[in-house]
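Read through the structure below, which is laid out as structure tokens, and then see the notes.
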Amino acid sequence: MDMREKQISHEYFFKGRIIKTRLDKVALPNGKTAQREVCEHVGGVGVLPIDQNGNIILVRQFRYPYGEEILEIPAGKLDHGAGEDAASCGARELREETGCTAGRIVPLGCVYPSPGFLTEVVHLFAALDLTEGEMQPDEDEFVEVMHLPIATVERMIADNTIRDAKTAVAMYRAGLMGLYEMRPLTDKPF
């Protein structure tokens with residue numbers, strides 16, 4: 001069965017620097033029509049830095065939509081022009097937010113954060129063979145860098161202390177790829 005929906009019309013309601021919002025009318029596979037609210041996003045990257053001591057480098061920053069500080073991997077938007085690819089963007093964000101440069105950037109695939117309405121694609125990478133340097137955050141960016149043992153980060157994901165999806169997925173995929181040894185939890189977090 002072909003489940004594709006076909007756009008009949010669309011109307012934009014907002015066009016910003018990062019997102020655009022629109023309302024689409026679509027034809028459904030059964031011949032009926034429906035409306036779809038869509039938020040177009042420029043896309044982004046997330047980088048999982050693993051240092052030589054077996055620590056994960058995370059950043060803590062205030063995330064306005066949630067009204068709280070969130071612990072997450074360094075990340076950013078693909079908003080520096082058509083010439084910047086996802087790996088270059090990831091290397092830039094890693095340097096800006098942590099001061100680190102990576103000897104190796106390993107692709108971890110991409111994720112769709114909320115495919116019901118959002119077009120954002122987040123490209124994930126692991127950063128290895130790190131060299132530490134000086135942070136270069138954007139002028140509106142305030143971050144605290146944290147070096148945490150892998151087991152601590154795994155525990156924080158399992159017990160819902162870390163709720164950021166890109167961080168959880170990057171950790172899982174890096175473990176599956178053998179970039180670090182995943183260990184089962186000895187007790188149930190919930």
Side-chain angles (χ1 to χ4, degrees), residues 16-19 41-113 120-159 161-183:
R17 194 174 51 84
I18 300 167
I19 64 166
H41 189 281
V42 296
V45 299
V47 181
L48 178 73
I50 305 172
D51 72 16
Q52 287 84 340
N53 299 318
N55 293 310
I56 302 296
I57 301 174
L58 298 176
V59 294
R60 179 183 306 280
Q61 62 184 319
F62 182 78
R63 289 300 196 176
Y64 182 81
Y66 296 101
E68 64 184 75
E69 292 178 4
I70 295 194
L71 198 56
E72 61 188 286
I73 59 177
K77 298 176 293 299
L78 285 162
D79 62 353
H80 278 62
E84 184 178 50
D85 65 13
S88 299
C89 178
R92 175 177 50 80
E93 290 295 337
L94 176 67
R95 186 178 55 258
E96 287 176 6
E97 294 186 10
T98 69
C100 293
T101 55
R104 281 192 305 150
I105 298 277
V106 178
L108 298 176
C110 63
V111 293
Y112 301 152
E120 181 181 21
V121 176
V122 178
H123 303 269
L124 299 172
F125 299 91
L128 307 169
D129 304 328
L130 301 176
T131 301
E132 293 195 34
E134 199 166 315
M135 294 171 53
Q136 303 164 355
D138 294 333
E139 67 178 31
D140 65 346
E141 193 169 45
F142 305 93
V143 298
E144 175 189 358
V145 177
M146 302 181 73
H147 296 249
L148 298 171
I150 288 170
T152 300
V153 176
E154 289 175 327
R155 167 60 59 190
M156 294 173 83
I157 290 169
D159 72 14
T161 301
I162 294 177
R163 293 182 293 277
D164 177 63
K166 68 186 171 301
T167 300
V169 172
M171 283 290 292
Y172 184 65
R173 287 187 180 166
L176 289 174
M177 292 176 65
L179 299 178
Y180 75 88
E181 184 181 344
M182 294 174 70
R183 295 176 208 92

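Side chains included, hydrogens not; waters and symmetry mates left out as well; all remaining heavy atoms used.
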Exercise for review: Go through Leu124 and Leu48 one step at a time and tell me if the side chain to side chain contact (heavy atoms under 4.5 Å, CB included) criterion holds.
Suggested key: CA-CA 8 Å; Leu124 299 172; Leu48 178 73; over 6 Å; no
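- For the atom pair CZ (Arg95) and CD (Glu134), the distance works out to 12.5 Å, reported to the nearest 0.5 Å.
- Between the CD atom of Gln52 and the CG atom of Leu128 there is a distance of 9.0 Å, given to the nearest 0.5 Å.
- Annotation: side chain of Leu108 is in contact with side chain of Leu179 (closest heavy-atom distance under 4.5 Å).
- Rounding to the nearest 0.5 Å places CD of Glu72 at 10.0 Å from CD1 of Ile162.
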Practice item. Any chance you could lay out the side chain to side chain contact (heavy atoms under 4.5 Å, CB included) test for Met171 and Ile150, step after step, and finish with the verdict? Key: CA-CA 9 Å; Met171 283 290 292; Ile150 288 170; 4.3 Å; yes
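- Within 6.0 Å of atom CD in Glu132, 12 or fewer heavy atoms from other residues, nucleotides or ligands are found, so the atom counts as exposed in its surroundings.
- In terms of the salt bridge (Lys or Arg N to Asp or Glu O under 4.0 Å) criterion, Asp85 has no residue partners (sequence neighbours excluded).
- Going from atom CD1 of Ile73 over to atom OG1 of Thr167 covers 4.5 Å, rounded to the nearest 0.5 Å.
- The minimum heavy-atom distance between Ile105 and Ala127, with the atom names listed, is CD1-CB, 4.2 Å.
- Counting all heavy atoms, side chain and backbone alike, Tyr172 lies closest to Tyr180 at N-OH, 4.4 Å.
- The side-chain heavy atoms of Val145 and Glu97, taken from C-beta on, include no pair separated by under 4.5 Å.
- At a threshold of 4.5 Å between non-hydrogen side-chain atoms, the residues Val121 and Tyr112 count as touching.
- Minimum heavy-atom separation, Glu141 to Glu96: OE1-OE1, 4.3 Å.
- Counting all heavy atoms, side chain and backbone alike, Cys100 lies closest to Leu94 at O-CG, 3.5 Å.
- The shortest distance between side-chain heavy atoms of Leu71 and Asp164 does not fall below 4.5 Å.
- Remark: the backbone N or O of Cys110 is paired with a side-chain donor or acceptor of Arg173 at under 3.5 angstrom.
- Taking the side chain as every heavy atom from C-beta outward, Leu130 and Thr98 never approach each other to under 4.5 Å.
- Closest approach of Lys166 and Ala75 over heavy atoms only: CE-CB, 3.2 Å.
- Side chain of Asn53 to main chain of Asn55: no donor-acceptor pair is present (N/O by atom type, distance under 3.5 Å, no hydrogens or angles).
- For the atom pair CD (Glu144) and CD (Gln61), the distance works out to 11.0 Å, reported to the nearest 0.5 Å.
- In this structure, the separation between OG on Ser88 and CZ on Arg92 is 9.0 Å, given to the nearest 0.5 Å.
- For the side-chain contact (heavy atoms from CB on, under 4.5 Å) with Val122, the lone residue among Val45, Val111, Leu78 that qualifies is Val111.
- Proximity of Glu68 to Arg163: side-chain heavy atoms (C-beta onward) are separated by under 4.5 Å at one or more points.
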